[in-house]
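Only one structure is covered here, and it is reproduced in the block below.
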Protein chains: 2
Amino acid sequence: MLRLSKLTDYAVVVLIRLSHGEAVQTSPGIAAGIGLPEPTVAKVLKALAYSGLVSSQRGARGGYRLARALSAIPITDVVAAIDGPIALTACVEGSGAGCEAECTCPVRGRWDLVNDAVRQALARITLADMDRSAPRAHARAAAQQPDALALTLISAE
Amino acid sequence: MLRLSKLTDYAVVVLIRLSHGEAVQTSPGIAAGIGLPEPTVAKVLKALAYSGLVSSQRGARGGYRLARALSAIPITDVVAAIDGPIALTACVEGSGAGCEAECTCPVRGRWDLVNDAVRQALARITLADMDRSAPRAHARAAAQQPDALALTLISAE
DNA sequence: AGCAATCAGGACTTCTGCGGTCCGATTACA
DNA sequence: TGTAATCGGACCGCAGAAGTCCTGATTGCT
């Protein structure tokens, strides 16, 4: 269905929340703030910490802290942190497995084209673009890629 | 995950196969041609027929026929036919359900940005671009987006 | 030094929906 | 009109995600 996991959705919310208020926030605190079950939020935070999007501080008065500014975090990084590398199909180069119909498969290697296109699309959008509360001079990521995005927007209709 | 279903993968192979050889081909025939289980291929073809990507002819000497040229079928259409409309998250506008944290959710509606970006990325690639056997004057979609694709290919490594 | 608070990591259960299979409806041909 | 070939829709099993819980390690405070 080309759907990204709910956890990734949560991750975005968590990261944006983390960018507001106190610099360092605890897992239960964040969970309460966004109205999500605490264990789930904790799970997301662990994954984010593991991949370096947030830094963690253990012990009393510890918590999580945003490692970079929202504008420096593209969506791809969040997806990669939660769902692993972006690979739309099982047939990605280097998966090793290899489908049985490899010889006759007329799209061998072609999916990379699609994967990269999606990757690029997601890499252009940062968390700052996702934050409703943030003031944004340019309505969307468009302003940053005049060339590519112009085409994008034109062909949208 | 951000993974599209295997059925979609099959659909692309099936459609490309359908563009070669006889104009009208049967479900078992295609299955044999690409080395995939027949019932699965049949299922894919049904979905494709329902959404109008192929036209079906029932009865003896019936089969499926490509409704449009490969170059007129963007990947989005195939994905939409198999997996339904492209909506990466449950929080898409108009899903009705609405998450419980709707009021406090800081990304309300912002996912549309991402959805549209992906949609457009996929809309740019047609099945003709996926067909290895096809002669292509313009090697790939790249020719149409020199800027974006150049980046793509470089960052592929 | 002891205690409390917090993160880290894993195992486990539940459940959605993908992937695969089957049987009935429809149509052309003889 | 009968028959055979083909499409159309319904059904079921299973993998993987989503969510929960528990135990242990680390650190600040008293």
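So you know, we letter chains A, B, ... as the sequences are listed, proteins then strands, and number each from 1.
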Gap between atoms [atom1] and [atom2], on [X] and [N] respectively (whole Å):
{"X": "Lys46(B)", "N": "dC22(C)", "atom1": "NZ", "atom2": "C1'", "value": "9 Å"}
{"X": "Leu45(B)", "N": "dG20(C)", "atom1": "CG", "atom2": "P", "value": "15 Å"}
{"X": "Arg65(B)", "N": "dT27(C)", "atom1": "CZ", "atom2": "C1'", "value": "15 Å"}
{"X": "Tyr64(B)", "N": "dT27(C)", "atom1": "OH", "atom2": "P", "value": "14 Å"}
{"X": "Arg61(B)", "N": "dA5(D)", "atom1": "CZ", "atom2": "C1'", "value": "11 Å"}
{"X": "Arg58(A)", "N": "dT26(D)", "atom1": "CZ", "atom2": "P", "value": "6 Å"}
{"X": "Asp83(A)", "N": "dA17(D)", "atom1": "CG", "atom2": "C1'", "value": "10 Å"}
{"X": "Leu7(A)", "N": "dT20(D)", "atom1": "CG", "atom2": "C1'", "value": "13 Å"}

Checking contacts here: which listed nucleotide (dA5(C), dA5(D), dA18(D)) is nearest the side-chain heavy atoms of Ala60(B)?
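Closest nucleotide to the Ala60(B) side chain: dA5(D).
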Could you please name the option among dG20(C), dT20(D), dA18(D) that lies closest to any side-chain atom of Thr40(B)?
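Looking only at side-chain atoms, Thr40(B) lies closest to dG20(C).
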For [N], does either OP1 or OP2 sit under 4.0 Å from a side-chain N or O belonging to [X]?
{"X": "Thr26(B)", "N": "dA5(D)", "value": "no"}
{"X": "Tyr10(A)", "N": "dG19(D)", "value": "yes"}
{"X": "Ser56(B)", "N": "dT6(D)", "value": "no"}
{"X": "Ser27(A)", "N": "dT6(C)", "value": "no"}

Which pair of heavy atoms, one from Leu127(A) and one from Ile75(A), lies closest together, and at what distance?
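Result for this residue pair: CD2-CD1, 4.0 Å.
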Report the residue (Pro39(A) or Tyr50(B)) whose heavy-atom-nearest nucleotide on DNA chain D is the more 5′ of the two.
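By nearest-heavy-atom nucleotide position, the 5'-most residue is Tyr50(B).
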By the 4.0 Å heavy-atom rule, please label Pro28(B) as base, sugar-phosphate, or nothing.
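Since no nucleic acid heavy atom lies under 4.0 Å of Pro28(B), the category is nothing.
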Output yes when Arg68(A) and Asp77(A) qualify as a salt bridge under the 4.0 Å nitrogen-oxygen rule, no when they do not.
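Answer for the salt bridge query: yes.
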Under 4.0 Å between a side-chain nitrogen and a carboxylate oxygen: does that hold for Asp9(A) and Lys6(A)?
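Not counted as a salt bridge, because no side-chain N and carboxylate O are separated by less than 4.0 Å.
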Does any part of the side chain of Gln25(B), heavy atoms only, come nearer than 4.5 Å to the side chain of Arg65(B), both counted from C-beta?
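No, too far: nothing below the 4.5 Å cut-off.
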Mind checking whether Pro74(A) and Arg124(A) have side chains closer than 4.5 Å, heavy atoms only?
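No, their side chains stay 4.5 Å or more apart.
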Judged by each residue's nearest nucleotide on DNA chain C, which is more toward the 5′ side, Lys43(B) or Gln57(B)?
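On the 5' side of the pair lies Lys43(B).
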